[in-house]
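Beneath this line is the structure, given in structure tokens, with notes to follow.
Starting from 1, each residue takes its place in the sequence as its number.
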Amino acid sequence: MRAALVRDLLIGTFGHAAFRPGQEEIVVAAVAGEDIFAIMPSGAGKSLCYQLPALLRDGLTIVISPLIALMRDQVVALRRRGVKAAMLNSANDDEEDARVFGGIRSRELKLLYLSPERFAKESTFGLMMRADVRCIVVDEAHCVSHWGHDFRPEYREIGPIAAEYAANRPDGRVQIIAVTATADALTRQDIVAQLFAAPPRMFVQSFDRPNIHLRMQRRRAADRQILKFLRRHPGETGIVYCATRRHAEAMAAVLVRARHNARAYHAGQDDETRERTERAFQAETPVIIVATIAFGMGVDRPDVRFVCHADTPRSVESYYQEIGRAGRDGLPAEAFALFDPVDLLKFGNVAPSGDADASRRKALAGRRRNLIRLCQPWGCRRRPLLRHFGEETGRCGNCDRCAQGPFAPVAALLRL
């Protein structure tokens, strides 16, 4: 009967004829009440893995999510499917909060989205006790870890609060589900230590996105290099990442002058401007968003055909996360990045003081070497990218280095 209900929800509520690879076994484990840590590539359908089980269990499922825009998109999509979902955050007015609390009191609400800051409030603990929360989902779980590329200190409070809540429940139990697209070995270990009282059921899918062509160049004249690249993608939608707000604004202006429909996006803009850009990204074709890393989490437009980095990526993990916003429809897409060797030498440096810092310095130096190997590989570019996440592969045949044929040694940076 439970399998039939799962299938009915998959088709009738979520509109999918079948699970994507890896989803079904995670859903089965979640429905069985197991603690779960799932690492799935961008576009693999992480949200379904906790949304569908939430409809099959009693009580409320809380989803902790890092961005208001991400919460809003998920809640709107769920409501369109007839699912009782809501969010509590600073964007709500008093009337909306009253509706949410009413849904909690009536036990009608199935999924409640919170920011980590809201989850940590003392009032939220009382709300959880009254609402009979059965499951806590940590979305973008790499934010929990000091090693994660989007670390947020508020995420470190989730594990202790969840443990205290479980201890106050009659059954002494609350299910924890953590999901992310990017976590290397160090990040995974830290997430498990921070969130789970006992080792969770681990699900690690392949990190490979074979439909994305990988291309990198040494940065010399970024404006000209980006414009030349865009000539490969006429009439297509994409994202250009810049390291600073000033560069994002300047690059957007360059693209507009070249008659591209380009819009800047960064955290220094007011909410109305950012929301207008987000709506344009979802509705217009073609459109190019020129952004800092403030843009991206939760991006689910399937037909993004390219992602560019106009500046050196900060890490292998952030690069992987950002290029994963391209080609979610499974069709060919392209990732193009510019890098500066000077940046590669700077990234990951920390000041020495004590054994812990020495250990951290060693780990960060290893990450820096991995970034260098990605930007200046001996051979196939995809191999060092996947090796960073513990996955081995042969030549991919879909990167600029594979296209060059026999590989010339590139040793200067790798010796550093």
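- The shortest side-chain heavy-atom distance between Thr13 and Gln51 does not fall under the 4.5 Å cut-off.
- Considering Val179, Ile177, Thr180 in turn, Thr180 is the only one that fulfils the side-chain contact (heavy atoms from CB on, under 4.5 Å) rule with Phe37.
- For an aromatic pair to be called close, the ring centres must be under 6.0 Å apart, and His309 with Phe336 fails this.
- Annotation: Phe389 is in aromatic contact with Tyr320 [ring centroid separation under 6.0 Å].
- In plain terms, the two heavy atoms of Ser145 and Asp190 that are nearest each other are OG-OD2, 2.9 Å.
- A donor-acceptor pair shorter than 3.5 Å cannot be found between the side chains of Arg218 and Gln376.
- A salt bridge links Glu392 with Arg387: the closest approach of a Lys/Arg side-chain nitrogen to an acidic carboxylate oxygen falls below 4.0 angstrom.
- Under a 4.0 Å N-O distance rule, the pair Arg219/Asp343 qualifies as a salt bridge.
- Using a 4.0 Å cut-off between a side-chain N of Lys or Arg and a carboxylate O of Asp or Glu, Arg99 and Glu96 qualify as a salt bridge.
- Residues Glu317 and His388 approach most closely at CG-NE2, 3.7 Å, considering heavy atoms.
- Counted within 6.0 Å of CZ on Arg79, heavy atoms from surrounding residues, nucleotides or ligands total more than 12; the atom is thus considered enclosed.
- Of the charged side-chain nitrogens involved, at least one lies within less than 4.0 Å of a carboxylate oxygen, so that Arg276 and Glu272 count as a salt-bridged pair.
- In this structure, a donor-acceptor pair under 3.5 Å is absent between the side chains of Arg72 and Ser65.
- Using a 4.5 Å heavy-atom threshold, the side chains of Leu70 and Tyr113 count as separate.
- In this structure, Gln321 and Ala181 approach most closely via the heavy-atom pair OE1-CB, 3.9 Å.
- Around CG of Asp270, the count of heavy atoms belonging to other residues, nucleotides or ligands within 6.0 Å exceeds 12.
- In terms of heavy-atom proximity, Ala267 sits nearest to Thr292 at N-OG1, 4.3 Å.
- Counting only heavy atoms from C-beta outward, the side chains of Ile289 and Thr237 never approach each other to under 4.5 Å.
- The two residues Val307 and Ala326 come nearest to each other via the heavy atoms CG2-CB, 3.8 Å.
- Aromatic ring centres of Tyr241 and Phe295: separated by at least 6.0 Å.
- With respect to the salt-bridge test (charged N to carboxylate O, under 4.0 angstrom), the residues Asp35 and Arg201 do not qualify.
- Between the side chains of Glu34 and Gln175, not a single donor N or O lies within less than 3.5 Å of an accepting N or O.
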Step-by-step side chain to side chain donor-acceptor pair (under 3.5 Å) determination, Gln23 to His16: CA-CA 12 Å; Gln23 283 183 321; His16 301 308; over 6 Å; no

